[in-house]
There are 2 protein chains.
Amino acid sequence: MTDAATSSTKAPSRIQQRNRILILDAALEVFSRHGYRGATLDQIAKQAGLSKPNILYYFGGKEDIHVTLLNQLMKAWLDPLKEMNPNGDPIKELLGYVHRKLDMALELPRESRLFANEILQGAPRMGPHLSADLKPLFDEQSRVISNWMDAGKIARCDPGHLLFSIWATTQHYADFAAQTEVLLPEDERRQDGASAYLDQLFTKLLTP
Amino acid sequence: MTDAATSSTKAPSRIQQRNRILILDAALEVFSRHGYRGATLDQIAKQAGLSKPNILYYFGGKEDIHVTLLNQLMKAWLDPLKEMNPNGDPIKELLGYVHRKLDMALELPRESRLFANEILQGAPRMGPHLSADLKPLFDEQSRVISNWMDAGKIARCDPGHLLFSIWATTQHYADFAAQTEVLLPEDERRQDGASAYLDQLFTKLLTP
DNA sequence: TCGTGTCTTTACCAAATGGTAAAAAAGTGA
DNA sequence: TCACTTTTTTACCATTTGGTAAAGACACGA
């Protein structure tokens, strides 16, 4: 057999599991910093502590690794949005989403940067995913928000742009960390600062 | 003389001016899409309609082109922030800044993406600039905003995070355009949508 | 302990990449 | 027109990059 990556046949061995995780973790680090074209297999190999040919034993190639990461990412990206409950308290639901997103950005900055890099480059490998997976969910949740507004439970605003602004403000703390770290003195950089501010921002917007 | 880029001696010829602009414009296109490492001189040369050695006649190298772009960018980036007038009407001044930033993002998306790429990668070439140029201005304007709050002219909130959220929401429309273009149907993608929404968002936040 | 399949390394490639040398071409002023 | 400078092209080069072939090393059940 030439490729351990083909999950077609049988269960992966202990070593396979460990090394695939090692590789994906290293690749996440490198891709999220340099983008697809800027990343090299040698960097990934070094970061993973494996040789380059060994990496190509587990994955079909550079693109294969990148695609695998992007697929994993898409799931983690959509889940918090799905958790919004149409029957819950609207403001609580939306603020809950804001905080979930912020926590994700702060805890998984590499994933956030990987996503940002892909979109920055025009989403060459994730365009289809966006249309097929994100778009329907986006439309659905936009309608949920719209209904809340129709019911007078939250102030009226554009639901789409509302979601954009939630994404923008939360992911900013991961994607632009290099900037915020320069601008905010270390003692002001605690999570609660951002958390409290975003709470205030969106509470004021949504309160009727 | 070996390098037309050395502005040391005398005024640049018509051809020099034209070609340097051609190259920088092409480089902006390529760097903003692929980041520093992902961009190649061949791409830039092709985009500029010049040969690679010809490009290296005008610039010392890949890094030189990139640094030149980054320096130009920093100026354009700081100017809108400088325009905030401490003696003007606070809400008007801040909303004005929001709109200036949004206009910039929509009119100069490549510049915005170049900046985003650089920060995403950890600001390896712009860190010093951030500390030396952006930080003082950031601190100064934070203080101006703080004073407005002390005077009771706008609602109290964290000035630093306020600026972050302005940057995040406005630049989102440039940096994540590939995403918004998928999510928003063409007829809803007009600038006024974003403009009106951001106006509402920050007006509500700042109104005491 | 042996054999069979799994994993890793060594030694390579062809193409791409940033960059250079030097000659040819094109301007330019007298 | 001629000398002189500026600009562009052609022909390279060393290194890096994604990827492969094949031989070794290793694990593990019989």
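Chain A is the first sequence line, chain B the second, and so forth, proteins listed ahead of strands; every chain is numbered from 1.
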According to the interplanar angle, ranging from 0 to 90°, do the rings of B:Tyr36 and B:Phe31 count as parallel (below 30°), tilted (30 to 60°) or perpendicular (above 60°)?
-> parallel
Restricting to pairs with a member in residues 129-138 of chain A, which pass salt bridge (charged side-chain N to carboxylate O under 4.0 Å, His left out), not counting sequence neighbours?
-> A:Lys135-A:Asp139
With sequence neighbours left out, which residue pairs that include part of residues 103-133 of chain B fulfil the ring pair (Phe, Tyr, Trp, His ring centres under 6.0 Å) condition?
-> B:Trp77-B:Phe115
Have a look at B:Ala45 and say if it touches a base, only the backbone sugar-phosphate, or nothing, with a 4.0 Å heavy-atom cut-off.
-> nothing
All side-chain contact (heavy atoms from CB on, under 4.5 Å) counterparts of A:Ala194, not counting sequence neighbours = A:Leu102, A:Tyr173, B:His161
Rounded to the nearest angstrom, tell me the gap between atom [atom1] in [X] and atom [atom2] in [N].
| X | N | atom1 | atom2 | result |
| --- | --- | --- | --- | --- |
| B:Leu56 | D:dC12 | CG | P | 19 Å |
| A:Gln17 | C:dC7 | CD | C1' | 15 Å |
| B:Lys62 | D:dT16 | NZ | C1' | 12 Å |
| A:Gln43 | D:dG18 | CD | P | 8 Å |
| A:Arg20 | C:dC7 | CZ | P | 12 Å |

Below 4.0 Å: OP1/OP2 of D:dT7 and any side-chain N or O of B:Tyr57 = yes
Pair A:Lys101-A:Val98, side chain to side chain contact (heavy atoms under 4.5 Å, CB included): steps then yes or no = CA-CA 5 Å; A:Lys101 264 273 159 187; A:Val98 170; 5.8 Å; no
Considering only D:dT20, C:dC7, C:dG18, which nucleotide approaches the side chain of A:Gln16 most closely?
-> C:dC7
Would A:Tyr58 and A:Asn19 count as having a side-chain donor-acceptor pair, cut-off 3.5 Å?
-> yes
Who pairs with A:Glu29 by salt bridge (charged side-chain N to carboxylate O under 4.0 Å, His left out), at least two apart in sequence or on another chain?
-> A:Arg110
Check DNA chain C against residues 26-38 of chain A and give the residues with a non-hydrogen atom under 4.0 Å, in numerical order.
-> A:Arg37
Check each residue of residues 46-55 of chain B for a non-hydrogen atom within less than 4.0 Å of any atom in DNA chain C, then write out the ones that pass by number, or none.
-> B:Lys52, B:Pro53
